[in-house]
Colleague: 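Right, I'll just put the structure down here and ask away after.
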Amino acid sequence: MGDPFAIDGHKLMYHPERVAAWQAAGDDWERVRRIYPIYVEVAPVGACNHRCTFCSVDYIGYVKRRLPEDVLCERLAEMAGLGVRSVMFAGEGEPLLHPRIGTIAARAAAAGLDVAFTTNGVALTDRFLEEALAATTWIKVSLNAGSRETYARIHQTEARDFDRVIENLRRAVRHREVTKADCTLGAQCLLLPENAEEIEDLARLCRDELGIDYLVVKPYTHNPAGLTRRYRDLDYRRYADLGTRLRPLSTDRFHVIFRERTLRHYLEDASARYPVCGATPFFAASVMADGSVYSCQAHLLNPRFRLGNLLEHSFREIWEGEGRRANWLYVRKELDLGTCRRNCRMDKVNRYLDRLRRDPVPHVNFI
């Protein structure tokens with residue numbers, strides 16, 4: 001089962017200059033302050049048109065607010081000039097609900113950023129495709145069932161939204177073919193008890209009827225800050241053979257990416273993890289729909305991780321400011337990883353950094 005996009009891994013090794021700067025910085029804040037993130041996640045809006053049963057940011061409240069286009073684009077251009085390489089529009093709401101999201105994506109790409117979207121796909125319109133598809137590196141649609149009925153239960157929406165998403169993905173594939181846009185189109189499904197028996201049908205749908213590039217299947221991970229407790233104690237051992245069943249569904253043009261490594265990490269004892277989060281606040285950042293900048297996507301609304309606000313200050317002022325210095329010291333000296341989300345987005349990056357930090361492999365100079 002191929003994973004040409006390294007979705008079940010990480011890509012930090014492709015940024016050796018940033019890793020070298022991280023290693024050299026040590027306890028020197030003057031060096032630390034100049035290490036900018038590679039990747040930034042932005043929530044253009046706080047509102048969402050679904051209420052998914054697994055939502056990890058339900059505690060934020062789906063507030064109806066949005067970032068102003070001009071300020072956001074000015075800050076994104078600034079980020080690109082400072083060394084940020086990519087922006088993913090997602091966050092605590094549905095990014096495609098922003099009325100100007102197509103032009104925002106195009107302006108971000110013109111500024112030099114790689115652009116991506118994680119979306120439920122319901123609001124994926126022809127206008128968006130015309131404005132943004134050619135400027136976008138990838139779009140990943142959250143599609144958590146293989147049938148209308150199960151989709152409606154999990155996404156807590158009308159069953160017809162399933163039909164909308166399927167048709168929207170078909171149109172996106174057709175638009176890509178006509179315009180020759182270089183945009184990867186994929187779907188992602190959280191493996192849940194409600195949809196486990198439909199995953200193979202979903203993979204066939206994505207491959208044979210939609211013509212998208214991949215389907216990612218991954219385990220749910222609980223956010224301690226979240227309101228939902230429904231899936232907190234899922235036992236994934238009973239799905240251990242799913243990867244074997246899905247493997248034959250991949251082809252040269254379509255990939256089922258079953259996140260087996262992530263599943264193994266989910267099942268392992270927490271004590272086997274790294275003792276310190278080395279990724280925060282260095283390689284990624286999150287921007288909420290009110291402009292607040294956080295050093296970790298899993299700790300939104302936690303004041304210890306809030307660095308500043310893009311509507312009030314430039315990104316440079318925020319990233320090199322006192323808020324980030326305080327967060328850096330807190331993460332290094334005080335943060336209890338037991339309060340963090342297991343298998344968070346930076347988990348594999350942290351495993352890589354921990355190995356570099358502790359240097360556990362003997363004879364490293366014999367390359």
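Residues: numbered from 1 along the sequence shown. Predicted, not measured: the structure shown is a model, and the values here were computed from it.
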Colleague: Between Arg174 and Glu177, does at least one N-O distance fall below 4.0 Å, as a salt bridge requires?
Modeller: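 So Arg174 does not pair with Glu177 through a salt bridge.
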
Colleague: Taking salt bridge (charged side-chain N to carboxylate O under 4.0 Å, His left out) as the cut-off, I'd like each qualifying pair that reaches into residues 302-314, sequence neighbours left out, listed once.
Modeller: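 Residue pairs passing salt bridge (charged side-chain N to carboxylate O under 4.0 Å, His left out), neighbours aside: Arg304-Glu334.
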
Colleague: If you draw a 6.0 Å radius around CG in Asp252, do more than 12 non-hydrogen atoms from other residues or ligands fall strictly inside?
Modeller: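 No, not enclosed.
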
Colleague: Using a 4.5 Å cut-off between side-chain heavy atoms of Ile, Leu, Val, Met, Phe, Trp and Tyr, which other residues end up in the same hydrophobic cluster as Leu12?
Modeller: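 Besides Leu12, the cluster holds Met13, Tyr14, Val19, Trp22, Trp29, Val32, Ile35, Ile38, Phe282, Phe283, Trp328, Leu329, Met346, Val349, Tyr352, Leu353, Leu356.
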
Colleague: Is it true that Arg204 and Glu198 make a salt bridge, defined as a side-chain N closer than 4.0 Å to a carboxylate O?
Modeller: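 Result for this pair is no, no salt bridge flagged.
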
Colleague: Under 4.0 Å between a side-chain nitrogen and a carboxylate oxygen: does that hold for Glu260 and Arg247?
Modeller: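 Counted as a salt bridge, because a side-chain N and a carboxylate O are separated by less than 4.0 Å.
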
Colleague: Minimum heavy-atom separation for Ala105 and Ala135, please, with both atom names.
Modeller: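 Reported closest heavy-atom pair: O-CB, 4.2 Å.
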
Colleague: Which residue, Thr119, Thr184, Leu215, Thr118, forms the side chain to side chain contact (heavy atoms under 4.5 Å, CB included) with Lys140?
Modeller: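 Checked Thr119, Thr184, Leu215, Thr118 against Lys140; only one passes side chain to side chain contact (heavy atoms under 4.5 Å, CB included): Thr118.
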
Colleague: Does a side-chain N-to-carboxylate-O contact under 4.0 Å join Glu200 and Arg245?
Modeller: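 The answer is yes: the pair qualifies as a salt bridge.
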
Colleague: For residues 37-55, which residue pairs pass the salt bridge (charged side-chain N to carboxylate O under 4.0 Å, His left out) check, not counting sequence neighbours?
Modeller: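 Qualifying pairs, neighbours excluded: Glu41-Arg345.
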
Colleague: Do Phe117 and Phe128 make the cut of ring centroids closer than 6.0 angstrom?
Modeller: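 Yes, the ring of Phe117 comes within the 6.0 Å limit of the ring of Phe128, centre to centre.
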
Colleague: Hey, what's the ring geometry for His50 with Tyr151, parallel, tilted or perpendicular (30° and 60° as the breaks)?
Modeller: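 Rings of His50 and Tyr151: perpendicular, as their planes differ by over 60°.
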
Colleague: Identify, with sequence neighbours excluded, every residue that meets side chain to side chain contact (heavy atoms under 4.5 Å, CB included) alongside Asp58.
Modeller: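 Listed in chain order: Cys55, Tyr62, Leu227, Thr228.
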
Colleague: Taking the basic N atoms (NZ, or NE/NH1/NH2) and the acidic carboxylate oxygens, is any pair closer than 4.0 Å for Arg148 and Asp163?
Modeller: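 Yes, this pair counts.
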
Colleague: Using the ring centroid of each side chain, check whether Phe5 and Tyr214 are separated by less than 6.0 Å.
Modeller: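 Ring-ring flag for Phe5/Tyr214: true, centres closer than 6.0 Å.
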
Colleague: Would a distance-only check, ignoring hydrogens and angles, find a side-chain to backbone donor-acceptor pair under 3.5 Å from His98 to Leu67?
Modeller: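 Looks like yes, one N/O pair under 3.5 Å.
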
Colleague: Side chains of Asn168 and Arg171: is there a donor and an acceptor less than 3.5 Å apart?
Modeller: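 Yes - a donor-acceptor pair under 3.5 Å links their side chains.
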
Colleague: Residues two or more places apart in sequence or in another chain: which of them pass salt bridge (Lys or Arg N to Asp or Glu O under 4.0 Å) with Arg325?
Modeller: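 Testing Arg325 for salt bridge (Lys or Arg N to Asp or Glu O under 4.0 Å), a comparison that skips the adjacent residues, returns Glu322.
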
Colleague: Salt bridge between Glu30 and Arg33, side-chain N to carboxylate O under 4.0 Å?
Modeller: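 Looking at Glu30 and Arg33, the cut-off is met.
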
Colleague: Thinking salt bridges, do Arg107 and Glu69 make one under a 4.0 Å N-O criterion?
Modeller: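 So Arg107 pairs with Glu69 through a salt bridge.
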
Colleague: I'd like to know if Arg351 pairs up with Asp354 as an ion pair, taking the criterion as any Lys NZ or Arg NE/NH1/NH2 lying under 4.0 Å from an Asp or Glu carboxylate oxygen.
Modeller: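 No, this pair does not count.
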
Colleague: Is it true that Glu320 and Arg324 have a side-chain N and a carboxylate O under 4.0 angstrom from each other?
Modeller: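 Salt bridge between Glu320 and Arg324, a charged N being under 4.0 Å from a carboxylate O: no.
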
Colleague: Answer yes or no: is there an ion pair linking Asp213 with Arg176, defined by an N-O contact shorter than 4.0 Å?
Modeller: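 Answer for the salt bridge query: yes.
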
Colleague: By salt bridge (Lys or Arg N to Asp or Glu O under 4.0 Å), which residues pair with Glu92, not counting sequence neighbours?
Modeller: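 So Glu92 forms a salt bridge (Lys or Arg N to Asp or Glu O under 4.0 Å) with Arg65.
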
Colleague: Centres of the Phe305 and His299 rings: under 6.0 Å?
Modeller: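 Between Phe305 and His299, the centre distance is under 6.0 Å.
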
Colleague: Please check if the number of heavy atoms outside Arg229 that lie under 6.0 Å from its CZ is greater than 12.
Modeller: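 Atom CZ in Arg229 is packed in, count exceeds 12.
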
Colleague: With ring centroids as reference points, do Tyr220 and Phe54 lie under 6.0 angstrom apart?
Modeller: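 Judged by ring-centre distance (under 6.0 Å), Tyr220 and Phe54 do not meet the cut-off.
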
Colleague: Just by distance, no angles: are the side chains of His155 and Asn144 close enough, under 3.5 Å, to form a donor-acceptor pair?
Modeller: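 Yes, Asn144 and His155 have a side-chain donor paired with an acceptor closer than 3.5 Å.
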
Colleague: Do Val216 and Arg259 touch side chain to side chain, with heavy atoms closer than 4.5 Å?
Modeller: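 Yes, close enough: below the 4.5 Å cut-off.
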
